[in-house]
Enquirer: 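Got a structure for you, written out below as structure tokens; questions coming shortly.
What you see is a predicted model, and the numbers here were worked out from it, not measured in a lab. A note on names: the letters A, B, ... follow the listed sequences, proteins ahead of strands, and every chain is numbered from 1.
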Amino acid sequence: DGGITQSPKYLFRKEGQNVTLSCEQNLNHDAMYWYRQDPGQGLRLIYYSQIVNDFQKGDIAEGYSVSREKKESFPLTVTSAQKNPTAFYLCASRTTWVRSSTNYGYTFGSGTRLTVV
Amino acid sequence: SQQGEEDPQALSIQEGENATMNCSYKTSINNLQWYRQNSGRGLVHLILIRSNEREKHSGRLRVTLDTSKKSSSLLITASRAADTASYFCATDATRGGSNYKLTFGKGTLLTVNP
């Protein structure tokens with residue numbers, strides 16, 4: 001089955017530590033996105049990538065970094081510069097072949113819950 | 001920045017009743033989408049309505065869009081306990097066709113009581 005896999009499901013970070021969240025998709029989607037969700041809040045965009053080896057900052061990129069070396073993978077690193085990293089992180093992807101698709105919708109992974117300990 | 005704002009923040013109804021959720025947004029859009037999120041899970045795409053459409057149906061879902069009022073509504077008919085979830089609207093306001101990204105609202109928590 002095609003889809004997006006996020007791992008781990010739960011992650012604990014110590015103060016001053018960098019951690020990396022994995023996002024892998026086998027949907028052959030060009031575009032990938034990272035969102036952060038806080039309790040009772042909507043999703044806020046951290047980074048996104050429309051194509052391999054290219055990515056753009058979203059609304060809350062400070063304290064985060066990403067890479068897009070392969071089409072299938074878009075890992076997110078939460079650095080020690082992110083002072084309040086406890087949140088639910090969601091990865092999503094989307095096809096950019098819009099001529100053949102009427103669906104501009106995102107496919108989401110099941111999320112990673114990051115907690116600072 | 002938050003583009004869409006859902007209303008109400010929470011809605012509790014009985015099974016079999018209809019549920020209506022509203023979304024308002026601020027800028028011109030290309031399309032508006034509705035997503036569902038079960039607790040602790042990822043979001044699932046429900047339906048998309050383009051800026052030149054006024055109404056769209058999918059099963060028990062009915063979405064309307066009023067671009068003059070910058071608002072949309074999602075109607076779930078004959079609700080079931082399994083419809084209990086948070087519902088988010090998301091807008092595409094991308095210009096130029098590149099760097100497409102969606103902006104999400106804060107969501108409506110729908111509880112359907114058996």
Side-chain angles (χ1 to χ4, degrees), chain A residues 3-7 9-10 21 23 25 27 29-51 54-61 87-99 101-115, chain B residues 1-10 21 23-26 29-53 56 58 61 63 85-110:
Chain A
I4 288 193
T5 302
Q6 288 188 243
S7 62
K9 192 172 178 65
Y10 299 96
L21 284 60
C23 178
Q25 54 99 359
L27 299 164
H29 285 174
D30 291 299
M32 297 187 74
Y33 306 82
W34 274 105
Y35 285 88
R36 169 181 171 142
Q37 185 177 31
D38 293 282
Q41 300 294 312
L43 280 64
R44 292 185 290 168
L45 182 63
I46 305 173
Y47 269 99
Y48 62 108
S49 168
Q50 301 290 324
I51 196 169
D54 187 42
F55 48 83
Q56 289 80 39
K57 293 182 179 180
D59 299 317
I60 56 166
F88 190 50
Y89 291 85
L90 287 160
C91 179
S93 71
R94 173 190 161 264
T95 180
T96 55
W97 196 18
V98 298
R99 284 189 183 180
S101 172
T102 59
N103 180 9
Y104 288 71
Y106 288 6
T107 300
F108 278 87
S110 56
T112 292
R113 190 166 299 280
L114 174 62
T115 304
Chain B
S1 56
Q2 222 88 39
Q3 161 79 308
E5 291 288 338
E6 289 89 344
D7 170 58
Q9 289 186 333
M21 288 158 273
C23 171
S24 59
Y25 57 91
K26 299 173 184 174
I29 60 171
N30 300 317
N31 64 73
L32 184 146
Q33 305 177 29
W34 285 91
Y35 288 79
R36 166 196 169 121
Q37 183 182 35
N38 286 74
S39 181
R41 305 297 299 272
L43 279 71
V44 175
H45 181 260
L46 295 176
I47 195 166
L48 176 150
I49 186 165
R50 298 176 190 274
S51 59
N52 61 354
E53 297 176 315
K56 204 161 184 181
S58 177
L61 305 180
V63 170
S86 291
Y87 292 83
F88 294 87
C89 70
T91 53
D92 163 31
T94 311
R95 292 289 173 262
S98 63
N99 293 330
Y100 172 93
K101 59 185 186 292
L102 293 178
T103 303
F104 288 81
K106 294 183 179 181
T108 291
L109 175 60
L110 173 66

Enquirer: Considering only heavy atoms and a distance below 4.5 Å, find which of A:Ser110, A:Ser49, A:Gly111 pairs most often with chain B.
Expert: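 Looking at each of A:Ser110, A:Ser49, A:Gly111 in turn, A:Ser110 comes out on top.
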
Enquirer: Could you report the tightest heavy-atom contact between A:Tyr106 and B:Tyr35, atom names first, then the distance?
Expert: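 So the minimum-distance heavy-atom pair works out to N-OH, 2.8 Å.
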
Enquirer: Tell me every residue that passes ring pair (Phe, Tyr, Trp, His ring centres under 6.0 Å) with A:Tyr35, counting only those two or more places apart in sequence or in another chain.
Expert: B:Phe104

Enquirer: Which heavy atom in B:Arg41 sits nearest to a heavy atom in A:Leu90, and how many Å separate them?
Expert: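 Residues B:Arg41 and A:Leu90, closest heavy atoms: O-CD2, 4.3 Å.
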
Enquirer: Rounded to the nearest 0.5 Å, how far does NZ of B:Lys101 lie from CZ of A:Arg94?
Expert: 12.0 Å

Enquirer: Return yes when atom CD of B:Glu53 has more than 12 non-hydrogen atoms of other residues, nucleotides or ligands closer than 6.0 Å, and no otherwise.
Expert: yes

Enquirer: The criterion is side-chain hydrogen bond (donor to acceptor under 3.5 Å, both in side chains); which residues satisfy it with A:Gln37, sequence neighbours excluded?
Expert: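 Partners of A:Gln37 under the side-chain hydrogen bond (donor to acceptor under 3.5 Å, both in side chains) test: B:Gln37.
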
Enquirer: Is a side-chain N or O of A:Tyr33 found less than 3.5 angstrom from the main chain of B:Leu102, in a donor-acceptor match?
Expert: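 No.
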
